[in-house]
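Notes follow the structure.
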Amino acid sequence: IEIEGLPDLKLEQAFELADATAERSAAGCAIKLSESSVAEYLKSNVVLLKWMVSEGYGDPRTLLRRVARMEEWLANPKLMSADPEAEYCETLVINMDEI
């Protein structure tokens with residue numbers, strides 16, 4: 001399932017939607033989000049992971065590697081997107097304004 005048209009969802013909301021598709025037997029789910037939504041989530045994770053390191057939680061090397069990768073993405077944000085030339089066996093469009 002590919003979901004578009006909700007670029008400013010918080011990542012936690014996107015996780016909920018993705019979980020809901022799995023509960024309904026979808027093989028997978030991709031949600032097109034804005035870079036700013038993803039960046040907001042990663043920034044808060046960086047703060048949390050650094051705090052965890054300062055509190056002695058887990059292996060600091062592992063946590064700091066994660067932080068470094070998040071900070072790399074934040075310095076040069078790029079998101080994957082659907083192939084505009086892709087052909088689908090079926091497309092179901094739901095106008096959310098009509099629900």
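- Separation of atoms CG (Asp19) and CZ (Arg24) is listed at 10.5 Å; rounding is to 0.5 Å.
- Summarising the geometry, atom CD belonging to Glu12 is positioned 6.5 Å from atom OG belonging to Ser44; distances are rounded to the nearest 0.5 Å.
- Residues passing the ring pair (Phe, Tyr, Trp, His ring centres under 6.0 Å) test with Phe15, sequence neighbours excluded: Tyr41.
- Residues satisfying the side-chain contact (heavy atoms from CB on, under 4.5 Å) test with Val38, not counting sequence neighbours, are Leu11, Leu33, Leu42, Trp73, Leu79.
- To the nearest 0.5 angstrom, Met52 atom CE is 9.5 Å from Asn45 atom CG.
- Applying the salt bridge (Lys or Arg N to Asp or Glu O under 4.0 Å) test between Glu71 and each of Arg66, Arg65, Lys50 identifies Lys50 as the sole match.
- In this structure, OG1 in Thr91 is found 9.0 Å from CD in Glu2, a value given to the nearest 0.5 Å.
- Both Leu92 and Ile99 are members of a single hydrophobic cluster when ILVMFWY side chains are connected at heavy-atom separations under 4.5 Å.
- Judged by distance alone, with hydrogens and angles left aside, the side-chain atoms of Ser37 form a donor-acceptor pair with the main-chain N or O of Pro7 at under 3.5 Å.
- The closest side-chain heavy-atom distance from Leu9 to Ile3 is not below 4.5 Å.
- In this structure, Arg69 pairs ionically with Glu72, as a charged nitrogen and a carboxylate oxygen lie closer than 4.0 Å.
- Distance check, rounded to the nearest 0.5 Å: CD of Glu35 to NZ of Lys78 gives 9.5 Å.
- Hydrophobic clustering of Ile, Leu, Val, Met, Phe, Trp and Tyr side chains at less than 4.5 Å, counting indirect connections, keeps Val67 apart from Val47.
- The shortest side-chain heavy-atom distance between Gln13 and Leu6 does not fall under the 4.5 Å cut-off.
- Taking CD1 of Ile1 as the start and SG of Cys29 as the end, the distance is 6.0 Å to the nearest 0.5 Å.
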